[in-house]
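Working notes for the structure below.
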Protein chains: 2
Amino acid sequence: MPPASPSSGDQVQSVTRALDLLQALNRQKIASIKQLHDTTGLPKPTIVRLLKTLIAKGYVANDPRQGGYSVTSLVRALSCGFHGDPLVVEAGRAWAIDLTRRFKWPAAIAVLDENAMTVRFSTIPESPISPFHGTVGLRLSLVSRSLGRAYLAFCPQAERNILLQMLSASKDREDAAARRPAALLRALQAIRSQGFAERDPGVEPKSSSTLGVPVMDGDRVVATLGLTYFTSAMKRAQAVDLYVPHLRSAADNISRSISRLGS
Amino acid sequence: MPPASPSSGDQVQSVTRALDLLQALNRQKIASIKQLHDTTGLPKPTIVRLLKTLIAKGYVANDPRQGGYSVTSLVRALSCGFHGDPLVVEAGRAWAIDLTRRFKWPAAIAVLDENAMTVRFSTIPESPISPFHGTVGLRLSLVSRSLGRAYLAFCPQAERNILLQMLSASKDREDAAARRPAALLRALQAIRSQGFAERDPGVEPKSSSTLGVPVMDGDRVVATLGLTYFTSAMKRAQAVDLYVPHLRSAADNISRSISRLGS
DNA sequence: CTGCCTGTTTCGCATTGTGAAACGCAGGCA
DNA sequence: TGCCTGCGTTTCACAATGCGAAACAGGCAG
């Protein structure tokens with residue numbers, strides 16, 4: 001009787017394992033029992049039992065023509081109870097517009113969607129052609145883009161671990177940095193201490209740069225807010241000094257307007 | 001020592017319960033322990049233990065300012081391993097175009113997303129103004145629209161139950177029919193036996209109508225394919241006789257092109 | 001202060017989940 | 001053809017694991 005693993009207060013073992021299985025299934029899009037056994041380390045009979053449960057609930061299917069098991073679309077349905085989202089976007093819209101009015105740069109608000117940040121609203125100043133990929137719906141890498149890194153830096157550790165694990169299996173070139181966790185974690189630590197994110201130095205083009213800050217609901221990141229500026233128009237240090245405080249206060253305002261106990 | 005509930009082969013109790021909890025949390029966007037106790041019937045200490053586990057894994061948060069617990073955005077990440085989706089849409093695109101070429105009516109392919117069918121591709125014949133809400137991204141009610149009903153009718157029962165449970169909590173007027181399960185289930189049974197779906201008779205406007213068929217991957221629905229016609233241009237019976245066979249064969253072709261063990 | 005209601009902790013019990021081992025089956029190889 | 005290897009499945013005896021009644025704690029209202 002080991003005194004339980006160091007940090008396992010009183011959780012339910014089988015549930016933890018079932019969730020691990022789901023995660024594993026999610027990374028490998030389709031997996032056999034053997035593969036699951038190898039990646040999770042769980043004994044095969046246990047895996048079978050857990051899978052049976054997940055299948056009975058409809059979250060996993062014994063995918064066609066005996067290829068193996070995989071996550072079903074029903075798992076998607078599980079996320080529709082996550083709210084805050086509409087509220088955040090609504091409030092974010094107003095403050096993004098405000099930032100753009102004041103500084104004449106594009107601003108955007110993005111939320112986590114599956115394994116990337118999705119832009120839910122973005123502004124483009126009347127000015128020239130936009131350096132900002134301003135399309136709503138655009139998916140930004142969690143590891144390389146400012147809006148993604150701000151999220152990763154400020155989300156709870158358990159979540160970060162899971163996301164990184166998923167991303168390291170991704171083929172997306174932009175997410176490749178997730179495979180060098182040490183460097184990435186150091187970068188995230190820096191972001192955390194300075195309070196805002198910039199894109200991964202490796203990403204092109206460098207003619208523009210985005211500053212990203214987290215939008216918190218209580219102690220939880222629910223979105224990230226960003227402001228993009230031309231690097232030719234302004235030096236980095238100057239931009240940071242000038243814009244970051246305003247970004248922070250905008251993010252705070254958004255937080256305030258979505259807090260449930262208003263007043 | 002009850003001989004276990006009638007149909008529980010060998011599943012893991014705690015996992016089942018944990019998933020029930022997630023579902024409950026998903027319906028009520030935010031819930032206290034008491035509420036969860038009332039809706040799920042689980043004893044409070046059990047709920048606490050399960051919640052602790054879910055929280056440790058990051059799927060649930062003790063939402064801010066002590067309002068209660070709720071599902072986090074991380075649950076969204078869990079669905080990104082569900083594939084088939086890109087393949088289906090790709091293949092669906094080709095066959096939707098084909099249908100439109102032949103019959104000069106709009107066609108569409110949709111997949112489940114959270115609690116509605118989302119149109120992933122749709123065609124609009126050059127002809128007049130389209131009766132079809134052809135926007136990609138449009139979300140169609142699972143209970144009232146043809147593309148939704150086709151999905152509900154052919155998905156596994158466990159999944160149907162969960163979806164209906166979620167929908168009956170929805171405020172969307174179109175989903176209200178989910179609150180009369182008896183009538184709805186009868187309608188779904190009919191859809192199942194005839195092999196295609198039509199919209200809920202109550203939905204306006206009636207100037208056009210869509211025929212929807214399921215796209216299967218093995219024994220699992222992965223999408224639905226629809227063809228919309230003007231009711232003024234063609235009688236229902238005639239349209240059914242003429243179009244349904246072609247819809248079916250298009251759906252079969254899509255199925256074939258996504259089956260993993262090609263030849 | 002008192003009563004009520006909700007969340008948390010405790011703790012002995014047996015139900016529940018566990019996993020080594022044995023089995024069955026299919027496909028590969030000689 | 002028969003042997004073998006590798007994967008999925010089933011079995012079963014054991015005890016660890018999860019269970020939940022009951023007791024406890026804290027907040028809020030009257």
Side-chain angles (χ1 to χ4, degrees), chain A residues 1-22 24-25 28 30-57 59-70 218-219 260-261 263, chain B residues 1-22 24-25 28 30-57 59-70 218-219 260-261 263:
Chain A
M1 54 210 60
S5 60
S7 65
S8 90
D10 28 13
Q11 277 142 255
V12 180
Q13 190 193 53
S14 14
V15 174
T16 308
R17 289 171 160 192
L19 294 174
D20 286 342
L21 256 190
L22 260 190
L25 269 181
Q28 323 169 43
I30 188 166
S32 67
I33 291 194
K34 174 59 160 43
Q35 287 172 304
L36 292 172
H37 169 69
D38 292 341
T39 55
T40 64
L42 298 173
K44 286 189 289 177
T46 300
I47 293 180
V48 173
R49 234 174 303 121
L50 292 174
L51 281 181
K52 270 189 186 156
T53 312
L54 292 172
I55 290 172
K57 278 278 164 190
Y59 294 111
V60 166
N62 189 337
D63 240 296
R65 278 306 167 244
Q66 301 298 21
Y69 298 85
S70 69
D219 57 357
R260 282 168 196 73
L261 302 190
S263 107
Chain B
M1 55 225 59
S5 62
S7 64
S8 88
D10 28 14
Q11 276 141 255
V12 180
Q13 192 192 54
S14 15
V15 174
T16 309
R17 289 173 160 191
L19 294 174
D20 286 342
L21 256 191
L22 259 190
L25 268 181
Q28 323 169 43
I30 187 167
S32 67
I33 291 194
K34 175 59 160 45
Q35 288 172 303
L36 291 171
H37 170 69
D38 292 341
T39 55
T40 64
L42 299 172
K44 286 189 290 178
T46 300
I47 293 179
V48 173
R49 233 174 302 123
L50 292 174
L51 281 181
K52 270 187 186 157
T53 312
L54 292 172
I55 290 173
K57 278 277 161 188
Y59 295 111
V60 165
N62 189 336
D63 240 296
R65 279 302 165 248
Q66 301 298 21
Y69 298 86
S70 68
D219 58 357
R260 282 168 196 74
L261 303 189
S263 102

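A quick note: this is a predicted structure, and the numbers were derived from the prediction, not measured.
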Let me confirm one number: the [atom1]-[atom2] distance from [X] to [Y], rounded to the nearest 0.5 Å.
| X | Y | atom1 | atom2 | result |
| --- | --- | --- | --- | --- |
| B/L36 | B/K44 | CG | NZ | 12.0 Å |
| A/L42 | A/R49 | CG | CZ | 10.5 Å |
| B/T16 | A/L54 | OG1 | CG | 9.0 Å |

Taking atom [atom2] of [N] as reference, at what distance in whole Å does atom [atom1] of [X] sit?
| X | N | atom1 | atom2 | value |
| --- | --- | --- | --- | --- |
| A/L51 | C/dG17 | CG | P | 15 Å |
| A/H37 | D/dT9 | NE2 | P | 14 Å |
| B/I55 | C/dG7 | CD1 | P | 13 Å |
| A/K34 | D/dT9 | NZ | C1' | 16 Å |
| A/L50 | D/dT17 | CG | P | 14 Å |
| A/R49 | C/dG19 | CZ | C1' | 7 Å |
| A/K52 | D/dT10 | NZ | C1' | 8 Å |

Practice item. Could you list the residues that satisfy side-chain hydrogen bond (donor to acceptor under 3.5 Å, both in side chains) with B/Q28, not counting sequence neighbours? Key: B/T39
Check your understanding: Taking OP1 and OP2 of D/dT17, is either one under 4.0 Å from a side-chain nitrogen or oxygen of B/S14?
Key -> no
Exercise for review: Return no unless some side-chain N or O of B/T46 is found under 4.0 Å from OP1 or OP2 of D/dG20.
Suggested key: yes
Atom of [X], atom of [Y] and distance for their closest heavy-atom approach:
| X | Y | answer |
| --- | --- | --- |
| B/L25 | B/A31 | CD2-CB, 4.0 Å |
| A/Q11 | B/A56 | NE2-CB, 3.2 Å |
| B/A18 | B/L50 | N-CD1, 4.0 Å |

Practice item. Give the angle between the helix axes at the two ends of the helix from C/dC1-D/dG30 to C/dA14-D/dT17, taking five base pairs at each end and rounding to 10°. Key: 10°
Revision key, fill the gap. Side chain to side chain contact (heavy atoms under 4.5 Å, CB included) with A/Y69: of A/I47, A/I55, A/I30, only one passes, and it is A/I55
Check your understanding: Counting side-chain heavy atoms from CB outward, which of C/dT18, D/dG18, D/dT9 is closest to A/Y69?
Key -> D/dT9
All N/O pairs under 3.5 Å across the protein-nucleotides 21-29 of chain D interface:
none

**Study point:** Check: A/R17 side chain, C/dG17 base, donor-acceptor under 3.5 Å
**Key:** no
Check your understanding: Considering heavy-atom distances to DNA chain C, does B/I33 or A/L42 have its closest nucleotide positioned more toward the 5' end?
Key -> B/I33
Practice item. Starting from the 5' end of DNA chain D, give me the residue, A/V48 or A/Q13, whose nearest nucleotide shows up first. Key: A/V48
Exercise for review: Could you tell me whether the side chain of A/T40 and the main chain of A/L21 form a donor-acceptor pair under 3.5 Å?
Suggested key: no
